[in-house]
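The structure appears right after this line, and notes come after that.
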Amino acid sequence: MLGIENLPKLAGPFLKTERNSPAAMIQQLEQDQGGGMAKDLAKNRRVVMPSWTEHEEIKESQQSCTRNKVQTTKYTFLSFIPKNLFEQLHRFANVYFVFLGALNFVPIVNAFQPEISIIPIVFVMSITAVKDLWEDQRRRKSDQKVNNRLCEVYDRKQKQYVERRWAEVCVGDLVRLCCNEIIPADMVLLHSSDPNGVCHIETANLDGETNLKQRQVVRDLPQQGSEFVPENYSSHIECENPNNDLRRFRGFMEHPGKVRVGLHSENLLLRSCTVRNTETVIGIVVYAGHETKAMQNNSGPRYKRSKLERRLNMDVLWCVILLLLMCLIAAVGHGFWLSGRQNPIYMIPDDTHPALAAFYMFWTMIIVLQVLIPISLYVSIEIVKLGQIYFIQNDLDLYNPVLDTGVQCRALNITEDLGQIQYLFSDKTGTLTENRMLFRRCTVAGTEYPHHENAISLEQYEEQGCGDADHSLTLRSRTSRKSLSCKSLSCNRSSVSLNTLTAESDTHSVHDTLRRHTPGAGAFSSTMECAVVPDPQLQARLNTLSSPMRSPLRQQAAEISHILDFFLALTVCNTVVVSSPTQPRHVMPVFRTPLRSLEEMKAMFQKLSLPRFPSSTSQNTDTPPSLTKKLFTRGRSASYFPNNSPQTPITTLQSPTAHSDNSADESESDDEDEAEELLYEAESPDEAALVQAAKAYGCTLLGRSPEQVLVAVPGTGPLSIPLLHVLPFHSARKRMSVVVRHPLTGEVVVYTKGADNVIMELAEAGLTGLERHEGEEIMERTQRHLDQYAREGLRTLCVAKKVLEEQEYKAWLKRHEYAETSIENREELLLESAERLETNLTLLGATGIVDSLQEEVPETIEALQEAGIKVWVLTGDKQETAINIAFACKLLRPTDHILMANCDSKVKYLKNLGGSERLFLSLLVFGIPVNLYISDCVLVIDGRTLDYALQKELQGSFLELTCCCRSVICCRSTPLQKSQVVRLVRDKLKVMTLAIGDGANDVSMIQMADVGIGISGQEGMQAVMSSDFAISRFKFLRKLILVHGHWCYARLANMILYFFYKNVMYVNLLFWYQFFCGFSGSTMTNSWVLIFFNLLFTSVPPIIYGMLDKDVSGETLLDLPDLYKSGQNSQAYLPSTFWMNILDAFYQSLVCFFIPYFAYAGSDIGVFSFGSPINGSALLIILLHQLIESRTVTWIHTALLLFSALFYYAFVLLFSLTCVTCNSPTNPLGIETKMMSEPVYFLVCGLTTVLALLPRILCRAFCSTICPSDLVRAQKMEILSAQDYSTSLRQWKENKAAQRLSSRHVPQNLSVNADMPHLTECIAEAGAVLS
């Protein structure tokens, strides 16, 4: 648990440098509120008043704020060309080619026509500019559409609301919106047509979540009636400056009476959200335009640099070095050539010194050999990646028909990283499991209720296909058996079905209970999921409340009191939204009952309100004559406040029909039959599961408003419980609480639920006096039950309560209100306030919730491990729960040894040990036998021990230990710990990491990994919005990584190598020619062919190759996960592979140049005639080289190769026939036609092509025959028949299993240090082999 002294460390952007305690913060806040805020903090705040305010300073400040007009375009008509050029020149490659184009305009160093030299860079930059202009035009049209939307803004002069464009809205304007209208700016909610001051918004346009969010009117506004008069609004708002945190809003509203009310995110309506289920809302604009949170989060696509891209940049530098070396050789050669000749007759006399001429020649050769740097490579890579993303997103195997979603590729430039993953970090709940929580069993006051019938119903549910309900069933009422008509709400656009499905029989059986629930019951997805069959023993004890036959004993009364509090806590300690088929969310149904029954209920409840752990006694005590239905008549008043209570009375609840006491018994059953089926929509599935469990026992959540909760309790009917405070769940506290005023006793009660280890600690600290012995006994029994639940794989949750004295509550409330109204350090102060309240708790009980695995999770994890990926699970659950799930998903095998690491203090003896000694001692601490195979070990470490392991001095030993384990399971880990573990492994081990999760607590882990994957599950879209890729099921990870990841990496790696090869090969032809032309920078081909050769003639085939090539089919990659290791080891793109391609390019260029040279030696052909067969041979070699490298040859590949060849010959023939002055001062007219008319041309081209490609063909054939790689063997398997393929596949797996078994070993050079004095400080266990 986070200590109070650590709160200043977590302070927000407004935290001062001094490390003040929370108490000091509150004291400072009191001073601020009494005498005004410090001037140095004024710049961190914004004061907002109505736009017609007379306060000149505030009015001037508001006018200086950004207007609501948004402009997401980057260019204007005048700025497009200079700004786009400036952006494109940020790329080094573009700067390089612009420099060369400009250099060619210098007469003394130019190599060919200046106009031709700029064609490549103009072509590439023009394509990019057109793309940028098209995208900008789309943004401009979108901006115009948004800015021209209309909304109603209050005009003081006209004293009415008038329509204005969104672009004209300003800070301080009062805006009125109706249902289904989009919110134009960030507004503080001042009025809602809902009588409870509630508004619902849909944030799908903002964060992708379709479930509705509740917002509420600012508390204590002077006018909250049916009409809101803007003229009477005179409060002012002081809030923080604009920021991009969607879930935080700090500020306060000061009313005319100097009363301050804290503002939270629940009071803020965000731009781009849609008003739902509320007829009218009015708000005041606090942030407009680009200052709104929606616009500040509009950062565009995510950009990451892939591992392959980093390797590419290094090889480009090698090409630059190679270019400089070749130019230097040519320059030096030119200088020596000139110095060896004195005024030759074939040269124009020139006084230039040979050294200076060599310097000029260096720059000329830079221009001639510029193609060595592949200008088109970067554009080609972007095109290929877009194609790869298209195929990934349109893969039907990755499509989820239930959610109607496929894969989302949010990061456009790291597709190849999917093929190189070495470590996978996964969340458990919602990622490996369904995150559809189903109540399984519970323990109350130390008594366990197994719910056997409920277990049977869950088994039947799974056997029947996991609740594939027939959604076409007719909806029927339980009493009338007539079809119900769903009443459409006037503005309801709920994402949850409001239909109801009831049973055909009132008989209380397992199947009837299952049939009584709706197929679209809010947080549940099927008819059977929300069904809970009550435990007979627990049900019988609750029935005592309404039994007229006997009165409970004192001991039984104490137990019933615990049970009532337990289910009451499950019902109210949540944020569940309630709706029904005939009323929208949170509309509180009202009931009217005679008030004379209040005293009776108070007397009854006081007799049940015994000490928290009463002493056992066999003596009977005075009890009410009977806890009969007469006292708990349905519909009786539920509100009670003692006479000395300062609370404001709540309006009497009314029902459509009043019932007298005499008719109460007769009408009870009719009321129950006619009761509408309630639908629950929760922020987390476990909340909905617990509310449904309480409902099964009669504790039904009927409605909720910001001020009260309506609950039906067995035997009493509706109780209106005043809701004083909600302390939401926080990852540091690991719990949530609600503060209510008990409807019968008037006491202030805190109900808390949270992680079992946290609640048990807080409850243990509260045991004092006479209660301690029995309290400890109950806690021991509860702990045994929790351990049993965890071993069964259930999610555990503890429930507790605390009764506050009035003075204690008032003292806490005063400090809490200070925290709520603070702007600086609000989160830290609220955290401290909640922790101060949640002390000395009384343990009520615990629950066990089942969360089943998603389909095909075991197969997916098994395949990923076979692929060489180390899978780590990072979860906040108990160790026993995590281990149980790990066995179920095959992360743990029956033969594995589990290393349980639960350290209470720092492992000091590891600090000064190094290397293998430290590793060996670590293994000894965990009790591993010396002869144990290390690969059979799985480390299970809890959150506290993980804190020690992440300390800088112990990181090395922790990583050494994890490297010797097949997998690691981190339990009780916080979101911060998850991200720290990912960063540690990524940075220290230099490996490729992937993190996958589904909730907001996984966001930091997802963003820290090289590849982040979000699952669009039950916990919103935060993980998806922060991810690089988004999938809907964990099983899709198998094909995404093993197939698409492998293909993307192999394709892109081979394409990049091919680009380097063809550029080096062609440039070397020009380089070899320099040895025969005095290193003059001349070329044996015309400049048009030289420029277009790499830009047009040979650029399209490798792009298609990078999109469509398949070295192995997808089915084989799934059958043989071992093939994925080639990508992990970067076998397709190693430094050796790069240099082998460069050497091959040098060899082929030598063959391509010197065979024509010797063939035409002694002839009288011209320079361009000599270059003709060289260019033709080079084209054929380069195209056929790609054909050799391709693993898949389709009609598309063949057509493009033929098109490239025909395009080249068509161009050169047309050029030769028509061009006279195209290549001044030379004349290429008729050269190509003459050369191609001679048979020797085709003989030379054919011989050159065969000799150039022969070594590569022979080398590939030799490697494939003598020492084939796994990929080559898999390719050979694919051509076998189905039966032979199955036989080869089985033999392959047997051989790989034998290899893995033989490769296991224990290092023999480890020495043992028997002196371990601090061994007792670490509770380390060697887990037995679990079955």
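We number each residue from 1, following the sequence as shown. Being a predicted model, the structure only gives us computed values, none of them experimental.
- Contact annotation: the side chain of L438 never approaches that of Q692 to less than 4.5 Å [non-hydrogen atoms, C-beta and beyond].
- Of the N and O atoms on the side chains of R215 and N267, not one donor lies less than 3.5 Å from an acceptor on the other residue.
- The shortest distance between side-chain heavy atoms of L724 and Y809 falls below 4.5 Å.
- Proximity of a side-chain donor or acceptor of R704 to a complementary backbone N or O of N574 within less than 3.5 Å is detected.
- Put simply, the side chain of L568 does not reach to within 4.5 Å of the side chain of K801, judged on heavy atoms.
- By the 4.5 Å heavy-atom criterion applied to side chains, L837 and T752 are not counted as neighbours.
- Partners of R441 under the salt bridge (charged side-chain N to carboxylate O under 4.0 Å, His left out) rule, at least two apart in sequence or in another chain, are E448, E792.
- Using a 4.5 Å heavy-atom threshold, the side chains of W812 and H725 count as touching.
- Not a single donor-acceptor pair under 3.5 Å links the side chain of Y697 to the backbone N or O of L538.
- Contact between V275 and C178 at its shortest, heavy atoms only, is CB-O, 3.8 Å.
- Taking each heavy atom of C199 and V281 in turn, the nearest pair found is SG-CG1, 3.6 Å.
- Inter-residue side-chain proximity for V709 and V740 is flagged as unmet; no heavy-atom pair is nearer than 4.5 Å.
- Atoms CG and CD, from N277 and Q214 in turn, are 11.5 Å apart once rounded to the nearest 0.5 Å.
- Between Q539 and P534, the shortest heavy-atom distance links the atoms OE1-CB, 3.2 Å.
- Under the 3.5 Å distance criterion, the side-chain polar atoms of R440 are left unmatched by any main-chain donor or acceptor of R795.
- Closest approach of C179 to T278, counting heavy atoms only: CB-O, 3.1 Å.
- A donor-acceptor pair is defined here as one N or O able to donate and one able to accept, closer than 3.5 Å; such a pair exists between the side chain of H451 and the backbone of Y449.
- Once rounded to the nearest 0.5 Å, the distance linking CG of L177 with CD1 of I201 reads 11.0 Å.
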- Query: Checking side chain to side chain contact (heavy atoms under 4.5 Å, CB included) for the pair K753/L690: CA distance, chi angles, key distance, verdict?
  - Reply: CA-CA 11 Å; K753 69 174 182 182; L690 295 178; 4.2 Å; yes

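- Under 3.5 Å, the side chains of Y751 and D565 contain a donor-acceptor pair of N or O atoms.
- The pair R741-E806 meets the salt-bridge criterion, since a charged nitrogen lies less than 4.0 angstrom from a carboxylate oxygen.
- F567 CZ to T700 OG1: the interatomic distance, rounded to the nearest 0.5 Å, is 11.5 Å.
- Remark: L570 CG to L701 CG distance equals 11.5 Å, nearest 0.5 Å.
- Among all heavy-atom pairs drawn from R733 and P728, the shortest one is NH1-O, 2.7 Å.
- Applying the side-chain hydrogen bond (donor to acceptor under 3.5 Å, both in side chains) test to E266 and every residue at least two apart in sequence or in another chain returns nothing.
- No side-chain heavy atom of M736 sits under 4.5 Å from any side-chain heavy atom of L727.
- For the residue pair S737 / E838, a side-chain donor-acceptor distance below 3.5 Å is found, with atom types taken as modelled.
- Taking CD1 of I759 as the reference point, atom CG of L844 lies at 10.0 Å (rounded to 0.5 Å).
- Put simply, the side chain of V218 reaches to within 4.5 Å of the side chain of L263, judged on heavy atoms.
- Here the closest heavy-atom approach between residue G197 and residue S192 is recorded as C-CB, 4.1 Å.
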- Message: Under the criterion side chain to side chain contact (heavy atoms under 4.5 Å, CB included), I'd like the reasoning laid out for L702 against V578: C-alpha separation, chi angles, the key distance, then a yes or no.
- Response: CA-CA 7 Å; L702 300 176; V578 186; 5.9 Å; no

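- Residues satisfying the salt bridge (charged side-chain N to carboxylate O under 4.0 Å, His left out) test with K802, not counting sequence neighbours, are E808.
- In this structure, the separation between CG on L804 and CD on E747 is 9.5 Å, given to the nearest 0.5 Å.
- Between the T571 side chain and the A569 main chain, no donor and acceptor come within less than 3.5 Å of each other.
- Judged by distance alone, the side chain of S193 and the main-chain N or O of E279 form a donor-acceptor pair under 3.5 Å.
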